[in-house]
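One is the number of the first residue; the rest follow in order along the sequence. Scope of the values below: all heavy atoms of this structure, side chains included, with no hydrogens, waters or symmetry mates.
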Amino acid sequence: QVHMVESGGGLVQAGNSLTLSCAISGRTFSSSAMAWFRQAPGKDREFIATIKWGDGSTAYADVDAEGQFIISRDSAKNTLYLQMINPQPADTAAYYCAARESTYGPAYYYKEPADYAYWGPGTQVTVSS
């Protein structure tokens with residue numbers, strides 16, 4: 001069982017960097033993968049980035065996401081991070097961290113919500129112009 005809780009959300013002015021954290025408790029394995037998703041009102045949950053816990057390899061939704069976000073993890077602290085580099089009002093959403101216990105391929109295989117069994121409750125990020 002894996003439990004996850006996000007923190008670091010809130011109101012931020014456009015252009016000001018913001019880092020979200022996800023505290024993870026329970027079992028994690030070198031083959032685990034952790035990810036960040038977001039969901040704006042009236043929209044589907046959207047993949048941002050994923051990282052393999054063991055080797056730190058990453059995959060992003062697309063080239064734009066790779067320039068707007070940085071996913072990282074601290075294995076010693078069992079914490080996942082998402083840095084928002086230059087947030088804009090369009091980035092306003094609830095942000096969720098997610099986990100799956102094992103992977104059988106590269107990080108980019110796991111970009112769908114259904115790929116992840118464990119979820120945090122989410123943290124709201126509101127970006128003002």
Could you tell me whether D62 atom CG has more than 12 heavy atoms of other residues or ligands within 6.0 Å of it?
yes
Considering only heavy atoms from C-beta outward, does the side chain of Y81 approach that of I71 to under 4.5 Å?
no
Would you confirm whether E6, through its side chain, and C97, through its main-chain N or O, come within 3.5 Å as a donor-acceptor pair?
yes
Counting N and O atoms only, with roles assigned by atom type, does the side chain of K52 sit under 3.5 Å from a partner on the main chain of G105, one being a donor and the other an acceptor?
yes
Checking the side chain of T19 only, and the main-chain atoms of Q83 only, is there a donor and an acceptor separated by less than 3.5 Å?
no
Before you tell me yes or no, could you show the steps for Y60 and F47 under ring pair (Phe, Tyr, Trp, His ring centres under 6.0 Å), namely the whole-Å CA-CA distance, both residues' side-chain angles and the distance that decides it to 0.1 Å?
CA-CA 8 Å; Y60 291 82; F47 170 76; 8.3 Å; no
Pair W36-L80, side-chain contact (heavy atoms from CB on, under 4.5 Å): steps then yes or no
CA-CA 9 Å; W36 286 97; L80 178 71; 3.4 Å; yes
Going by side chain to side chain contact (heavy atoms under 4.5 Å, CB included), R38 matches just one of T92, D91, V125. Which one?
D91
Working note: I70 + I85, criterion side-chain contact (heavy atoms from CB on, under 4.5 Å); need CA distance, chi angles, decisive distance, verdict.
CA-CA 8 Å; I70 299 175; I85 297 171; 3.8 Å; yes
For the pair R45 (side chain) and E112 (backbone), establish whether a donor and an acceptor sit closer than 3.5 Å, ignoring hydrogens and angles.
no
Donor-acceptor pair, distance only, cut-off 3.5 Å: does the side chain of N16 make one with the backbone of V12?
no
Y95 side chain near Q124 side chain, heavy-atom distance below 4.5 Å:
no
Mind listing the closest non-hydrogen atom pair of P89 and S129 along with its distance?
CG-CB, 3.9 Å
Would you call W53 and I24 a side-chain contact if the rule is heavy atoms closer than 4.5 Å?
yes
Any chain of hydrophobic side-chain contacts (each under 4.5 Å) joining F69 to V127?
yes
Parallel, tilted or perpendicular for F37 and Y116, by the 30°/60° rule?
perpendicular
Can a donor-acceptor pair be found, under 3.5 Å and without considering hydrogens, that links the side chain of S17 to the backbone of M84?
yes
Would the distance check show the side chain of D74 and the main-chain N or O of T79 forming a donor-acceptor pair, the cut-off being under 3.5 Å?
no
Looking only at heavy atoms, the pair that brings R73 and I51 closest together is CD-CD1, 3.6 Å
For the side chain of T126 and the backbone of L11, is there at least one donor-acceptor N/O pair under 3.5 Å apart?
no
Between Y96 and M4, is there a side-chain heavy-atom distance shorter than 4.5 Å?
no
Look only at the side chain of R100 and the backbone of S102, and say whether a donor-acceptor pair between them is shorter than 3.5 Å.
yes
